[in-house]
Amino acid sequence: HRTTVILFFLFFTVAMTFLFLSIAEFRGGDLYVQRVGGIWGIIASATAWYAAYAGLLTKKNSLFTLPVWEMDPIWRHYGILKDERPAYEK
C-alpha cells in the first residue's frame with residue numbers, strides 16, 4: 001500500500017475547499033466564507049505541490065527525499081489493516 005499522510009491531507013483539504021465554497025454559494029456569496037474556502041484551496045495547492053515533489057525525489061535520482069509518512073504502520077497499530085507481509089520482511 002502506498003497511502004501516505006500527505007495524500008490523505010491533500011484530499012481532506014480539497015474536500016474542505018469545496019465544502020466552504022459551496023456553503024458560501026448557498027449563503028448568497030458570503031465573502032467571509034469564500035475567503036475561508038480560498039485559504040483551504042491555497043493549503044490544498046501547496047500540499048499538492050509538496051506531494052508531487054516528494055513523489056519525484058527518490059533515492060535513485062536525488063541526494064535527499066521529502067518525508068510523506070506512510071499510513072500502513074498507523075493502520076497496523078490500530079488493527080485496521082492486518083499484517084500481510086511475508087515472514088522474511090517482518
Any heavy-atom pair between the side chains of [Y] and [X] that's under 4.5 Å?
X	Y	result
Ile6	Thr47	yes
Trp69	Thr4	no
Phe12	Trp40	yes
Thr3	Glu70	no

Could you check whether any side-chain N or O of [X] sits under 3.5 Å from a backbone N or O of [Y], counting only pairs where one atom can act as donor and the other as acceptor?
X	Y	answer
Ser45	Ile42	yes
Thr17	Gly41	yes
Asn61	Thr58	yes

Contact summary for [X] and [Y], nearest pair of heavy atoms:
X	Y	answer
Gln34	Ala24	CG-CB, 3.5 Å
Val68	Ala54	CG1-CB, 3.5 Å
Ser62	Leu57	OG-CD2, 3.5 Å
Val33	Arg27	CG2-NH1, 4.1 Å

As an exercise, state the distance from [atom1] of [X] to [atom2] of [Y], rounded to the nearest 0.5 Å.
X	Y	atom1	atom2	result
Met16	Ile43	CE	CD1	9.5 Å
Ile23	Phe20	CD1	CZ	6.0 Å
Leu66	Tyr53	CG	OH	7.0 Å

Is it possible for you to say whether [X] and [Y] belong to one hydrophobic cluster, with membership spreading through side-chain heavy-atom contacts below 4.5 Å?
X	Y	value
Phe18	Leu7	yes
Leu31	Val36	no
Tyr32	Phe26	no

Partners passing salt bridge (Lys or Arg N to Asp or Glu O under 4.0 Å) against Arg35 (at least two apart in sequence or in another chain)
none

